[in-house]
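Basis for what follows: all heavy atoms, side chains included, without hydrogens, waters or symmetry-related copies.
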Protein chains: 2
Amino acid sequence: MTAPDRVLPAALAYSTENCTIGRAMAILGERWTFVVLREVFNGVRRFDDMARHAGIPRQVLSNRLAMLVEEGILRKEPYRPSGERVRHEYRLTRKGFDLYPVLLAVSRWGDTYLADPEGPPVELEHRGCGARVGLRMSCDAGHDIDELREVATRPGPGVRLLE
Amino acid sequence: MTAPDRVLPAALAYSTENCTIGRAMAILGERWTFVVLREVFNGVRRFDDMARHAGIPRQVLSNRLAMLVEEGILRKEPYRPSGERVRHEYRLTRKGFDLYPVLLAVSRWGDTYLADPEGPPVELEHRGCGARVGLRMSCDAGHDIDELREVATRPGPGVRLLE
DNA sequence: CACCCTAGGTCTGGTTGACAGACTCAGCAA
DNA sequence: TTGCTGAGTCTGTCAACCAGACCTAGGGTG
């Protein structure tokens, strides 16, 4: 029960309204967005497969896919299975692939804190080596970072002062 | 326009209903949850500071904080600034701190794809070294992983077969 | 004492989103 | 002609979001 420091860190002198987390979560922060993405990363690319496999309400899936296409995270591609008419599948764009670390981070956190007692239902392994896949913090200079204390916040090039 | 493989990967023979991503997103996947967490990670711990600083509707903030406390991600602690009455602040639990990689991943993705042209408003640097902080995929055996292709999905201990 | 200020909420009401279940529609197949 | 299948849309209900006003307890001020 000690008094906290009321001195706000430097970053907080700036508006967070333009902070990218808010924008990112406006896209990613809907109940099913990540579930859809997990399906696509797992190779499920078709509407009915997703709806059936992940148990997403069809209307919601429809909305989510349309939004993800509009945001440039998925693209809708026609293809023709031999002897059938043209169908469509959803595939990841580069922007979509780059969400993999987010998905992985969420997945590891969920496995740690939300899995049933017996353990997580699905695991990701390093192909060949067999060890579990995870994320490590590091800086662009290559140093590993183990402690949150080693991370500092600084204003970036797009900073905007509070009025 | 090639036909996709309709053979679902091994993981998909199992229900994803119990997959932890779904559960995690039921908690994290709401418009403001991460924005609240970002504030707390930045050292903003009090109701009014969050509401003012991040522009969150007070009712929503109230709900979000209550939910995060109930989920064991935040805890509410009383403290008394000298000469004032008792107040409350929200602090991260261990479970909450472990969300940092998720926050960092979202933040880096947002900085890359959603920032204003001039760049992200805030950056995270390695204290001392000054380089930007990011995440690297690696396996528990210590190998770096650069390609998504190196990651394979396997059933985990808590797997549950589809009926 | 009466009044004001502040932190930390609640209350109200309109708008949007989630969701289940039924319906549609095009093209192939029998 | 009828049926099947993939990929949706339509309808109606219920919950969540959100802005803006309101409330309340404790301490300070005149």
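- Rounding to whole angstrom units, CG of residue Leu65(B) and P of dA7(C) are separated by 16 Å.
- Taking atom CG of residue Asn63(A) and atom P of nucleotide dA7(D), one finds them 17 Å apart after rounding to whole Å.
- Distance Asp49(B) CG to dT6(C) C1': 12 Å, rounded to the nearest Å.
- Taking atom CZ of Arg87(A) as the reference point, atom P of dG27(C) lies 11 Å away to the nearest angstrom.
- Distances shown here put a side-chain N or O of Arg46(A) below 4.0 Å from the OP1 or OP2 atom of dA7(D).
- If you measure from atom CD1 of Ile56(A) to atom C1' of dA18(C), you get 12 Å, rounded to the nearest angstrom.
- Using modelled atom types, one side-chain atom of Arg127(B) and one backbone atom of Arg149(A) make a donor-acceptor pair closer than 3.5 Å.
- In this model, the phosphate group of dA18(C) is approached by a side-chain N or O of Arg64(A) to a distance below 4.0 Å at OP1 or OP2.
- Looking at Arg154(B), its side chain does come within 3.5 Å of a backbone N or O of Gly130(A) through a donor-acceptor pair.
- The distance from atom CG of Leu61(B) to atom P of dA19(D) is 12 Å, rounded to the nearest whole Å.
- In this structure, the nucleotide among dG6(D), dG8(D), dA7(C) sitting nearest to the side chain of Phe47(A) is dG8(D).
- Position along DNA chain D of the nearest nucleotide to Ser62(A) versus Gln59(B) favours Ser62(A) as the more 5'-ward residue.
- Between Trp32(B) and the phosphate of dC18(D), there is a side-chain N or O to OP1/OP2 separation shorter than 4.0 Å.
- Of the candidate nucleotides dG6(D), dT9(D), dC19(C), dG6(D) has the atom lying nearest to any side-chain atom of Asp48(A).
- Between Tyr90(B) and dA7(C), a side-chain N or O to OP1/OP2 separation shorter than 4.0 Å is absent.
- Here the side chain of Glu71(B) pairs no donor or acceptor atom with the backbone of Leu68(B) at under 3.5 angstrom.
- Side-chain proximity of Glu30(A) to the nucleotides dG17(C), dG6(D), dG8(C) is greatest for dG17(C).
- For Glu150(B) and His126(A), the side-chain atoms include at least one donor-acceptor pair closer than 3.5 Å.
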Show me the donor-acceptor pairs, under 3.5 Å and distance only, between side chains in residues 105-114 of chain A and residues at least two apart or in other chains.
residue   : atom : partner   : partner atom : Å
Arg108(A) : NH1  : Val133(A) : O            : 2.7
Trp109(A) : NE1  : Lys95(B)  : O            : 3.0
Asp111(A) : OD1  : Thr20(B)  : OG1          : 2.6
Asp111(A) : OD2  : Arg132(A) : NH2          : 3.1
Thr112(A) : OG1  : Arg108(A) : O            : 2.8
Tyr113(A) : OH   : Asp98(B)  : OD2          : 2.5

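- Taking atom NE2 of His88(A) as the reference point, atom P of dT9(D) lies 12 Å away to the nearest angstrom.
- Taking atom CZ on Arg58(A) and atom P on dG6(D), their separation rounds to 10 Å, with Å as the unit.
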